[in-house]
Each structure stands twice: as structure tokens, then as C-alpha cells.
Amino acid sequence: TDQSKIRNFSIIAHIDHGKSTLSDRLIELCGAVEQRQMESQLLDNMDLEKERGITIKARAVRLDYRAEDGNTYALNLIDTPGHVDFNYEVSRSLAACEGAVLIVDASQGIEAQTLANTYLAMEHDLEILPVINKIDLPAADPKRVKEEIENILALPAEDAPEISAKQGINISAVLEDIVQNIPAPQGNPSAPLKALIFDSQYDPYVGVVVYFRVMEGTLKKGMQVRMMASGASYQVLDCGYLRPLGMDSCQELTAGEVGWFTASIKNVKDTRVGDTITGAEVPAAAPLPGYRPAQPMVYCGIYTEDGSKYPDLRDALEKLQLNDASLSFEPESSIALGFGFRCGFLGMLHMEIIQERLEREFDLDLVTTLPSVIYEVTKTDGTVVRVDNPHNYPDPGSISEAREPYAKVSIISPPDYVGNIMPMCQDRRGVFKDMQYLDTNLVELHYSMPIGEIIYDFFDALKARTKGYASLDYELEGYEKSDLVKVDLLLNGDQVDALSFIVHREKAYGRARRICEKLKENIPRQLFEVPVQAAIGGKIIARETVKAMRKDVLAKCYGGDITRKKKLLEKQKEGKKKMRTLGTVQLPTEAFMAVLKLD
Ligand code: GDP
Ligand code: MG
């Protein structure tokens, strides 16, 4: 394709401002899909994504648009994930583009992710085209939103298209804007190959499908390629363009083009997002900038309710990992829960998505442990250990310094809520950095906050305290010295390893007491009295008691109806199956989960 007739762009927006809806409209208007074939939100093609209304994996699509100037342009729309957990993938997708369409909801105006994503696009020197969406809403105020864009983002917005993606109003203005104002790609088609991987996806029939943008040179069918970071080398079996309803094959893709290739690759680990594809025979001198391996931030133990399903869990995790290089897992065992895996995730949403997929797509009933971050401990002998499982926390006597991860947090909110936000951040050990007025009706607060405090319900609590107006963005900042303790839970004197947690000393007492109360509520009365205790080292810091109760099911059977007795006994046995024996105490799985879902 003639480079001057190519436009590579992303759509960026705060969540729910209409990115997916506009993508669908663009696809529709370019005639790529018949109206009746138009399944809603084509780019979000996983069921889970549809249900949650989010885009988990980046995708791309090539559209042919006949512009008002009479020329036909190839528009490569690269979709980006819409959540803070997937910020790195967003950055790689943006690096594959020359421009970005910035959607702002005409009734909401600029929100945290609008800013965060715009700054990202600016960092990649993209041409940013603001678009005002949802003008059909009664609360729409396009004039005010345009002023916000000019004042806060310093982007010219006077001529920004005012559209309704939902009702299909003024969509062609967006397409003309793209053709006229986003620069065509550059790059020499005969230079050594340099192509950026912005996504990859495992397919059981053809292996990994690698999505890439050619920056320099040409990728040809049959050619031997090498991923510069992973070192993996493959022969390109097939390559082509991405179409809304599948893939077109072609002989080669030249500088500026966006497409896919396959090479019977077994695992996405070989084709990491951000890696550079080059030719094995005439390699590029240096890879493209910006590659970094995905780094899990949150860990938890995942076990099956039924211990015999352990191999199924392993298979399921392996399958999910084929498609998700940022998911990590290692076998671990727990006295309380048996054999399972310690899994690492980019963030809480990523964790929830994986748990949900395991349960839904692989039909597993899971028990998970409390999520934890990675702590760093310098021991008295000078060695440094990284602890992702509270169970492995070193003995307090052997610790010289403990550190926990901190995040740089940005909260954007109308000024009215600042009085609610600040105490909440303080309570979570946030260190206030600064506060700036972005506009008369919008402030941005910066905090440095332990990630361990964010991963619980911080986002939900923030929304609740600001009527949903505040938004949150955060990134790993580094490790800071911290006064950490490990709290153990004891049932009837026996320590339950799966319930141990690491927490800041100041928070230990409150958290311990809440967990003890919750356990007391959820443990059915047993034949004996059960003390529920929390301890630091050997020292008990909280205690509750579950009173004893004799529960004899056969007492209800007067006389000798043997079949009835049998049924009752069977019923009791079934009830027992769902119990987890924790030391000498039996705990229903539901109770266990209620405790783990505390906060
Ligand atoms: P995304 O999170 O940015 O991908 O947003 P979606 O495209 O999923 O849209 C979020 C919600 O806003 C959905 O319920 C859409 O139907 C709705 N929406 C999108 N565009 C418009 C619009 O122009 N007008 C109205 N009224 N609603 C819209
Ligand atoms: Mg979407």
C-alpha cells in the first residue's frame, strides 16, 4: 500500500466515554461489515469483555475509507485496553500509531483516564484529534467540554467534531478529520526489518497470531524472523491484514503497515508485547525503544475447592498463560487448602478476570487467598528476599529491614470532594505530594501510597465518597522502608496458613479483629468450643469464641425408619464434603471465602 494513503491511529478515552461504540460506527461506515452482520462492539470480542464492557486485549482492524478527496485510504484502527492494569499494552499500541482520536463525553467532560491517556499519546508525539461524543444526551454541554480540552489539555478543540456514536450522528466528520490531520507513516521499505509487536493471541489451530506494525523494512511470507528481546526465531508461514470479520492473507507488509503473522508459535511468551521483530538474515542494528517485560504487582494463592481438581487447575492456567504473558504462576501448597498455585497479576482487575475465566471457561470452583503485594526484606545476614506469600515471611528476629511497594497516585475530582478524599488517603498511609487546579471545577491530587492499601477497595471507596466523580490512576513508584508484621490466624490453637497476612503494624490490630469477628460469624458451632485468635509472633492480639453445640441429626428420627435414617446420614455426609478441615475445626468453604473477601 502507498504509504501516503495509510493512517494508523488509536482511540483513547476515559472508560465509558464511547470508544467501543465509535469503533463500531467507523467499521460500519467504512462498509466493512453489513449492518445485519454487525455484532455489537466487534472489537471487544471476548464474552467477558462484553459483559464487563471493557477491552481486555488490544486488537486492530484495517478499514478502507473512500474520502471526500476521492482517494481510498487504509485506516488501521488499533484498539487499546481501557484499564489502568493494562497501561503498558496501551503504551505499545500508541507507539504503533501516528495519531489518536481522543473521545470526551459531552456530559462528563475530562476525567482521570482522559488526562492519563492524553499524556501518554503526547509522550509518543501523536497527533491528537479531540472528538466530543454523546451530544444526544440532555446533559451534554459540548461548549463547556471544548473549553475544558483547550484549558486543561492545551489542545485546539474549536473545530472538534461533535458526534453521537450511539445514534450515528456526524461520524464521517471523524473519518475526514483522521484522513486530513493524522500524518501518514514514514519508514524505508528496503531497510532491515523492524516491526513492533503490540499484541499477540494464541489460536489452537495456527498457534500464536502476532499483531504488529512495520516501522522499517518489509515482512514477507516465508521469511525467517527473530524477536529481538526473547531471541525466538521463526519462519513466517502466513501474514496479512486484520479485517473486522477475520484475516486477509497477503505476500508482504511494508513499512507503515499494520497486520499479523503466524509461524506455528506455541506460546505468547516468545512474542511479548513491545518486542521488535527483525529479519534473521539481515537484522536491524538495534531494537525499537520502550520494551519492558510485564511485571506482576498483585499475588494470590489459587486452589480448587475440590482438591482432586488440582491437575485441571494447572492445565487451565497453562492454557490462559498461552495467551497472557503477564500472568505468572508457580505451584505452592497450603496445609489448609492443599495443592494450588501462587499467581501473579498486573492488578486487581487482571486478577478478577483470570479468576472469573478459570471458573467460567474451565468450570472450576476456586478458593483464593487474600491478595498480597511483593514485599522486600533485607535480613540480618545481608541477604535480600522478595516475599509474595505471607507464609514465607522471614522470622521477625532475622529481619533487618522490611520494605513495601509504593505507587504514584493521581486522583482527579471536582474540588467539592477534596475534603472527603484527603482523610481517606491519609487513612491508607498516603503521603500527600501536591494538589493542582486543572480548571476552576477540577483538581488533581498526587499521593505516594502503599500498593498494599490500594489493592483492597480503594477505588470503590473513592467512588463512593465522591458520588463517582473522582477517578484514579497509579503506577509503581518504588520500595519504601515499612514497619510490617505478619499476622497469623489460629483456630482452636492451630495456625491456618492460608489466612496469614502481612500488614503495617498500625493496621494489624484493626484488620485482625475484623477477621476474627468474621470467622466467628461464619464458623458453624462445633462439638467443642473453638477459640478464634490472631497473633503476631506468639502474641495474641485478637480473640473471639465460637460456642459449642451438639448437633445430632439422628435425634430427629423417632423410632426405626431405617431408610429415613440412611437418607439423613447421607445428607450429613454430603454436608461434610463441603467442609474444609482446618486443623481440628471444620469450616464451610463459603465461610472461608467470606473471610478472604473481607474489606
Ligand atoms: P468505552 O468504555 O469507552 O468503550 O465506552 P462504550 O463504547 O462501551 O460506551 C459506554 C456506554 O455509553 C454504553 O452504554 C454506550 O451505549 C454509551 N454511549 C456511547 N456513545 C454514546 C452516545 O453517543 N450517546 C449516548 N447517549 N450513549 C452513548
Ligand atoms: Mg470499550
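As the structure lists them, so they are numbered: ligands from 1, and atoms in each ligand from 1. All residue numbers refer to positions in the sequence shown, counting from 1. All values derive from a computational prediction rather than experimental measurement.
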Checklist entry - Would you find more than 12 non-hydrogen atoms of other residues, nucleotides or ligands less than 6.0 Å from Lys5 atom NZ? => result yes
Checklist entry - Ion pair present between Lys319 and Glu361, side-chain N to carboxylate O less than 4.0 angstrom? => result no
Checklist entry - Should Leu137 be counted as touching ligand 1, given the test is an N or O pair under 3.5 Å? => result no
Checklist outcome for this item: Here the atoms of ligand 1 under 4.0 Å from any heavy atom belonging to Ser164 are 22 (C), 23 (O), 24 (N)
Next on the checklist: Minimum distance, heavy atoms only, to atom 10 (C) of ligand 1: which one of Asp16, Ile135, Ile11 is it?
Outcome noted: Asp16
Next on the checklist: Could you check whether atom CG of Asp69 has more than 12 heavy atoms from other residues, nucleotides or ligands sitting under 6.0 Å from it?
Outcome noted: yes
Checklist entry - Does Asp275 pair with Arg272 as a salt bridge, N-O distance under 4.0 Å? => result no
Next on the checklist: Counting only heavy atoms from other residues, nucleotides and ligands, does the tally under 6.0 Å from CD of Gln186 exceed 12?
Outcome noted: no
Next on the checklist: I want to confirm something. Looking only at heavy atoms, which of Thr21, Ile169, Asp105 is nearest to atom 7 (O) of ligand 1?
Outcome noted: Thr21
Next on the checklist: At less than 4.0 angstrom from any non-hydrogen atom of Ala165, what atoms of ligand 1 do you find?
Outcome noted: 20 (N), 23 (O)
Next on the checklist: So, regarding Ile15 and ligand 1 (criterion: nitrogen or oxygen to nitrogen or oxygen, under 3.5 Å), is there a contact or not?
Outcome noted: no
Item to check | Structural part of Lys19 in contact with ligand 1, heavy atom criterion under 4.0 angstrom | outcome: both
Checklist entry - Are Asp238 and Ser249 close enough, and set up right, to give a side-chain hydrogen bond (donor to acceptor under 3.5 Å, both in side chains), and what steps lead you there? => result CA-CA 7 Å; Asp238 203 358; Ser249 235; 2.5 Å; yes
Next on the checklist: Regarding ligand 1, does Gln167 bring an N or O atom to under 3.5 Å of one of the ligand's N or O atoms?
Outcome noted: no
Next on the checklist: With a heavy-atom distance limit of 4.0 Å, tell me whether Ala13 approaches ligand 1 through its side chain, its backbone, both, or neither.
Outcome noted: neither
Next on the checklist: Could you check whether any side-chain N or O of Arg92 sits under 3.5 Å from a backbone N or O of Gly274, counting only pairs where one atom can act as donor and the other as acceptor?
Outcome noted: no
